[in-house]
Amino acid sequence: MLKTHWPAQEPAPAPAQALVLGLVEPTTIAQRFGDAVATAAVAARFRANAGDRFAFTRLLEGHLQHVILIGLGAQSASAATTRKLAHDAAKAANAVGATHLILDLRGALAPADARRLGALVVEGAHLGLYSYDRYLDAERRRSPALVELSVLSDFKDMSQGAERGGVGAACIARARDLVNGPAELVTPSFLAETARSSARAHAALGLECEVLERDECERRGMGLYLAVARGSAEPPKFIHLRYKPRDDAPTRGRICLIGKGVTFDSGGLSLKPSDAMMGMKMDMAGAAAVIAALEGAALLQLPWEIHAIVAATENMVSGASYRLGDVLRAANGKTVEVDNTDAEGRLTLADALVYAGHLEPDLTIDLATLTGACIVALGPHIAGVMSPDEGLTRAWLDAAQRAGEDMWRLPLPSALKELLKSPIADMRNTGDRAGGSITAGLFLSEFAGDQRWLHVDIAGPAMVKKPYGVTDEGGSGFGVATILELLASDDPILERTPAI
Ligand code: BES
Ligand code: MN
Ligand code: ZN
């Protein structure tokens, strides 16, 4: 954790400081650091354009100070660029061994909600220090040099966002750890234990956890989920983590967050080719996001009753695997003919959606690494959002923008339900290649019942191959920031409108 300060003036020079400035134009360099530095910056082609960097060291009252200039091109106006600026600054400061980062954002940020700016800066700075180091030796595992952050800015009240930012970053880091953990470690049982220990640690904040074992899921008729689980040597764990605000504080309503929790997706008998299977430890990123977000909701005492639901399982190959052509029965009685065992996520989510429906939530949101087609449609960084509810979609997309996560709406045209028809069952589990994300969404809609429901396909952004935004290679923790932003906002659209 970075100890964060919001001083009105630059802190006094001390050992191991890094000064990072976000610059919109190069003209201020001479005034601040003298002509020699300005000339050197020009020679190094630093023009304060986005992506430009110029670093030097100077001696200040006997202390060597690292100075790093980051070009912005224009004032940082979006949540994503603000968060990234702080991320890059912390990373750069840490890389030169600084213990104290002085982040000078004067002139760098476009005016906006100061509290949110503060949260984004703190969140970004923390994420700049993230690494997954469980399997590294002591040398590479060293904790970050950087321990202190002083932010200089034009906006008062930024400090009020510090707690939000710190909690946000901690939850994102937790979700990343779960995604980065190999499937051999992060099994359904491990996910269940993570949820349980989170509930134990924060029982006083209103977190509780219940895990349904296979026999209980059988009793509840979760035939789709259990079919997926059948081929694995790891037992399935149906995880239900709840949060209720402390002392029976009034709540605005009840929310279900469902996360796809396939801890490894081999494809099952519709086996994935080796290249496509690599990386499938990330198929539980939705589960990681909702479990982590629930801890965040508790720490921030958000005014909602929130349920995180994960039908955790592996999708494996064995003599016990479910087969192509099998007809399964879901917890709501619907029958599904399996035409591809690699379309397993929607099967697990279907039974989770039916379970959520019994809780009579005001709204239900699922996050799932559901389809490769979503990456084809929107590229590797943008999540696909599907919902029949206009208001909820707007609220979610707005929250995503405020949180700095890229999302885009896809339609749910009921005409494509045709593609899910089966001659011998209520439906089959895949449509055509064309519109693959949409038919997956339409499949889920059959199990949402009368819930006010929104589906987020995070197949692309859950894990990045090349550094993007505030994520280096690996799990991103995508979704956590938007969930927390949505549930901390006072958007009235979230309340269920009374039936007339
Ligand atoms: N977990 C995958 C989706 C996925 C693919 C996520 C690539 C991230 C990166 C999902 O279970 C899956 O295999 N979907 C199939 C659906 C198809 C069989 C209809 C797919 O996308 O190919
Ligand atoms: Mn699959
Ligand atoms: Zn999958």
Side-chain angles (χ1 to χ4, degrees), residues 179-180 183 186 188 191 224-225 227-232 236 258-289 310-317 321-326 336-352 366-384 386 410 416-417 419-420 422 427-444 455-466 473-476 478-479:
V179 175
N180 287 329
V186 184
L191 278 183
L224 273 49
Y225 165 49
V228 175
R230 229 159 55 195
S232 171
I258 300 175
K260 174 175 172 182
V262 175
T263 58
F264 187 71
D265 182 11
S266 73
L269 291 175
S270 309
L271 195 65
K272 284 183 186 294
S274 191
D275 286 354
M277 205 184 294
M278 186 63 208
M280 279 303 142
K281 66 174 184 182
M282 56 70 105
D283 214 13
M284 35 55 70
V310 175
T313 178
E314 285 187 323
N315 185 25
M316 299 296 270
V317 182
S321 293
Y322 73 133
R323 309 163 195 82
L324 289 85
D326 281 356
V336 177
E337 182 185 14
V338 176
D339 66 355
N340 191 323
T341 62
D342 198 11
E344 84 298 339
R346 64 197 73 183
L347 299 175
T348 66
L349 292 166
D351 278 330
D366 78 77
L367 276 79
T369 47
L370 203 60
T371 63
C374 202
I375 309 176
V376 174
L378 298 175
H381 306 309
I382 303 176
M386 286 154 255
L410 298 173
L416 288 196
K417 282 189 186 168
L419 302 175
L420 293 169
S422 157
M427 62 188 110
R428 55 184 196 141
N429 74 329
T430 70
D432 289 352
R433 245 168 75 83
S437 306
I438 291 169
T439 44
L442 287 168
F443 181 92
L444 296 180
H455 160 58
V456 191
D457 193 329
I458 59 170
M463 181 135 174
V464 307
K465 295 209 175 74
K466 281 184 278 176
E473 190 180 335
S476 61
F478 191 93

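Indexing begins at 1, ligand by ligand and atom by atom, following the structure's order.
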Say whether, by atom type as modelled, one donor and one acceptor occur between the side chain of [X] and the main chain of [Y] under 3.5 angstrom.
{"X": "T313", "Y": "P236", "value": "no"}
{"X": "D351", "Y": "Y225", "value": "yes"}
{"X": "K260", "Y": "D283", "value": "no"}

Is there any protein N/O under 3.5 Å from an N/O of ligand 1, and what does the full list of such pairs look like?
from: ligand 1; atom 1: 1 (N); to: K260; atom 2: NZ; distance (Å): 3.3
from: ligand 1; atom 1: 1 (N); to: D265; atom 2: OD2; distance (Å): 3.2
from: ligand 1; atom 1: 1 (N); to: D283; atom 2: OD1; distance (Å): 2.9
from: ligand 1; atom 1: 1 (N); to: D283; atom 2: OD2; distance (Å): 2.9
from: ligand 1; atom 1: 1 (N); to: T369; atom 2: O; distance (Å): 3.3
from: ligand 1; atom 1: 11 (O); to: K260; atom 2: NZ; distance (Å): 3.1
from: ligand 1; atom 1: 11 (O); to: D265; atom 2: OD2; distance (Å): 2.9
from: ligand 1; atom 1: 11 (O); to: D342; atom 2: O; distance (Å): 3.2
from: ligand 1; atom 1: 11 (O); to: E344; atom 2: OE1; distance (Å): 2.9
from: ligand 1; atom 1: 11 (O); to: E344; atom 2: OE2; distance (Å): 3.0
from: ligand 1; atom 1: 13 (O); to: K272; atom 2: NZ; distance (Å): 2.8
from: ligand 1; atom 1: 13 (O); to: D342; atom 2: O; distance (Å): 3.0
from: ligand 1; atom 1: 13 (O); to: D342; atom 2: OD1; distance (Å): 2.8
from: ligand 1; atom 1: 13 (O); to: D342; atom 2: OD2; distance (Å): 3.2
from: ligand 1; atom 1: 14 (N); to: L370; atom 2: O; distance (Å): 3.4
from: ligand 1; atom 1: 21 (O); to: G372; atom 2: N; distance (Å): 2.7

Checklist entry - Heavy atoms, side chains only, cut-off 4.5 Å: are E344 and Y322 in contact? => result yes
Handout entry: Verdict with supporting geometry, N340 and T430, side chain to side chain donor-acceptor pair (under 3.5 Å)
Key = CA-CA 7 Å; N340 191 323; T430 70; 5.5 Å; no
Verify whether one side chain among S266 and N315 offers a donor that lies under 3.5 Å from an acceptor in the other.
no
To the nearest 0.5 Å, tell me how far [X] [atom1] sits from [Y] [atom2].
{"X": "L420", "Y": "L416", "atom1": "CG", "atom2": "CG", "value": "8.5 Å"}
{"X": "D457", "Y": "T369", "atom1": "CG", "atom2": "OG1", "value": "7.5 Å"}
{"X": "T348", "Y": "L224", "atom1": "OG1", "atom2": "CG", "value": "9.0 Å"}
{"X": "L269", "Y": "D342", "atom1": "CG", "atom2": "CG", "value": "11.0 Å"}

Could you tell me whether any N, O or S atom belonging to D265 is less than 2.8 Å from the Zn ion (ligand 3)?
-> yes
Can you tell me if an N/O/S atom from V262 lies under 2.8 Å from the Zn ion (ligand 3)?
no
For D283, the N, O or S atom at the shortest distance from the Zn ion (ligand 3) is OD2
(message) Taking the basic N atoms (NZ, or NE/NH1/NH2) and the acidic carboxylate oxygens, is any pair closer than 4.0 Å for R346 and D366?
(response) no
Within less than 2.8 Å of the Mn ion (ligand 2), the count of protein N, O or S atoms comes to 4
